[in-house]
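Worksheet: the structure to be examined is printed underneath.
Only a predicted model underlies this, so the values are computations on that prediction, with no experimental measurement involved. Sequence positions, counted from 1, serve as the residue numbers for this chain.
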Amino acid sequence: MVSLLSRVGVWFFIALLAFMAMALGADQAYSVHMAIICVAALIAMAASMNKFDFVTRRFPALGGPALQSQYDDDPIRWGVIATMFWGIAGFLVGLIIALQLAFPALNLNLEYTTFGRLRPLHTSAVIFAFGGNALIATSFYVVQRTCRARLAFPSLARFVFWGYQLFIVLAATGYLMGVTEAREYAEPEWYVDIWLTIVWVSYLAVFVGTIVKRKEPHIYVANWFYLSFIITVAMLHLVNNLSMPVSIFGSKSYSAFAGVQDALTQWWYGHNAVGFFLTAGFLAMMYYFVPKQAERPVFSYRLSIVHFWALIFLYIWAGPHHLHYTALPDWAQTLGMVFSIILWMPSWGGMINGLMTLNGAWDKIRTDPIIRMMVMALAFYGMSTFEGPMLSIKAVNSLSHYTDWTIGHVHSGALGWNGMITFACLYYLFPRLWGRSRMYSLRMINWHFWLSTLGIVFYASAMWVAGIMQGLMWREYGADGYLVYSFVETVAAMFPMYLIRALGGLLYLSGALVMVYNVWMTVAGHLRDEKPMTETPHNADADRPYVAVPAE
């Protein structure tokens, strides 16, 4: 009873403070955000007073007693649903801004629909909403199974999920209202940063607490990668977002850094957000779900440990390669380049370890579209981690920097590696979390695979061509020593490439929509009557999932 009253009191106090801040807000955006926080706190207070789990009582299909196991899976169920929701939102906004670049009239001359407002909405929705929810959900799933222990601090685990959704809403609405620190991948303003810090420390407590209470003496390597991702992202977030607000009742703040120091801090954060959020965390997913789906042990556990230590030591130094030919000292630029090139080796060590896990199970690529997605994800991981070090070389960077080649590189990694491995892990999780024998349709997974793959190929190849063309046109001088092409001419030349990129985005979004339907029917308990993925008698049961065994 005392615990209940204390929780209700805390939420009421937060709601009261948010209401007062809303009334005293120095700008409209700040007041809107305080109103959102106030409403969220009142909802949490009402849920605490009624002593019920808001999701599972209102929507029994998303959890509840009928789906309980020895593990605490309710936050994971909500997490995979949120991953799908935010993924569709992020892909859709990405398609819109791709079309805006080809057809500027689609900006609609409205304040909230311009490219400048929607672009950070797209990047944050895909990276932090889609990717972040996938990482939180899968980490909660993996750490329980590999430690044979339920989540530590179950109430805190639920706070992590709902608190992270509030962070996403505050960030997204802030971008639309023009509230941004203008820092790549770190746009939310100071009060949203503080809230994310609270949520992230809670996430760390739940994850570490579960490892501490484990019943297994060994800590599986996937948990090493998850832990490095959680700790390093916390450090990056705290340092990069050091700022001073103009007013405690206003949204505007100024960075603690300035000039070249600010740029170096930003790209120390930016590249390591890629290195630990989009690489280490997703490698943790690979090291658990690929062996489980393939029913094979990791090819080399020793290699996975070497991969881990090499990756986390080297990645943290590579950020300066984003600042070639700038005011950053030349030695710092060279340092970033050298560490980026060295980074190619441990990155490919991880890719090889994942692919070789399929030793003795290569035939499953023909019969299991989930394995096929995992293999494609690893292939794109290998390609991106080769292309990245290559682009960090100064001679190559002089051509590629500030061009759409970088956009092609980023999206081949994000869509091919992060997107594909996330889709594969979700396809693994949905039937198991809802107690189904398999996904509604394996052939729809196959359709999703091909739509996504074609979308990535169109997108990345178009941007590679556009980027190299841009770089060559920008550096073309005539006999008189003047530039041959104006900037407007380079933009006009890229119009066909922008159309192809939009087509690629449309295909990728279409694949995700096929997945949404497949997931919906799976959760509803339906099974599609369809032919197996192969006609050969040996694989007649290929449309049935492989029996899962407990992780050791």
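Judged by distance alone, the side chains of Y287 and N353 do bring a donor and an acceptor atom under 3.5 Å apart. Side-chain contact check for T146 and N223: at least one donor-acceptor pair (N or O, by modelled atom type) lies under 3.5 Å. Using modelled atom types and a 3.5 Å distance limit, the side chains of T138 and Y226 yield a donor-acceptor pair. No hydrogens or angles considered: nothing links the side chains of R183 and N241 as a donor-acceptor pair under 3.5 Å.
Put simply, CG on L95 and CG on L503 are 9.5 Å apart, with the number rounded to the nearest 0.5 Å. Interatomic distance, M420 CE to H448 NE2, rounded to the nearest 0.5 Å: 7.0 Å. For the atom pair CD1 of I316 and CG of N272, the computed distance is 4.0 Å after rounding to the nearest 0.5 Å. Distance check, rounded to the nearest 0.5 Å: CG of L391 to CZ of F386 gives 9.5 Å.
Remark: aromatic rings of F140 and Y203 are close, center separation under 6.0 Å. The aromatic ring centroids of F207 and W200 lie 6.0 Å or more from each other. Remark: aromatic rings of H307 and F225 are close, center separation under 6.0 Å. Outside the 6.0 Å centre-distance limit, the rings of H324 and H401 are not counted as a close aromatic pair. Centroid-to-centroid, the aromatic rings of F313 and W309 stay 6.0 Å apart or farther.
When atom types are taken as modelled, the side chain of Y381 and the backbone of T279 share no donor-acceptor pair closer than 3.5 angstrom. Distance alone, capped at 3.5 Å, is enough to place a donor-acceptor pair between the Y269 side chain and the Y185 backbone.
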Candidate pair Y517 and W520, rule ring-ring contact (aromatic ring centres under 6.0 Å, His included), full reasoning: CA-CA 5 Å; Y517 179 76; W520 179 281; 8.9 Å; no
Full working for ring-ring contact (aromatic ring centres under 6.0 Å, His included) between Y301 and H218: CA-CA 13 Å; Y301 201 81; H218 178 72; 5.4 Å; yes
Chi angles and distances behind the ring-ring contact (aromatic ring centres under 6.0 Å, His included) call for H237, F277: CA-CA 11 Å; H237 173 74; F277 201 98; over 10 Å; no
Steps toward salt bridge (charged side-chain N to carboxylate O under 4.0 Å, His left out) verdict (D74, R77): CA-CA 5 Å; D74 279 347; R77 292 188 188 93; 2.6 Å; yes
Evaluation steps, ring-ring contact (aromatic ring centres under 6.0 Å, His included), between Y459 and Y508: CA-CA 9 Å; Y459 192 113; Y508 200 84; 8.9 Å; no
Candidate pair V519 and M439, rule side-chain contact (heavy atoms from CB on, under 4.5 Å), full reasoning: CA-CA 7 Å; V519 163; M439 287 295 298; 4.1 Å; yes
In residues 81-93, what donor-acceptor pairs under 3.5 Å come from side-chain atoms, sequence neighbours left out?
residue : atom : partner : partner atom : Å
T83     : OG1  : G79     : O            : 2.7
T83     : OG1  : A134    : N            : 3.2
W86     : NE1  : Q165    : OE1          : 2.9

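Here A205 pairs with L156 under the side-chain contact (heavy atoms from CB on, under 4.5 Å) rule; sequence neighbours left out.
Tested against S340 for a side chain to side chain donor-acceptor pair (under 3.5 Å), the candidates H271, H322, H321 yield a single pass: H321.
Taking a cutoff of 4.0 Å between a charged side-chain nitrogen and a carboxylate oxygen, R119 and E184 qualify as a salt bridge.
Geometrically, R296 does not engage F299 in a cation-pi contact, judged by NZ or CZ lying under 6.0 Å from the ring centre and within 45° of the ring axis.
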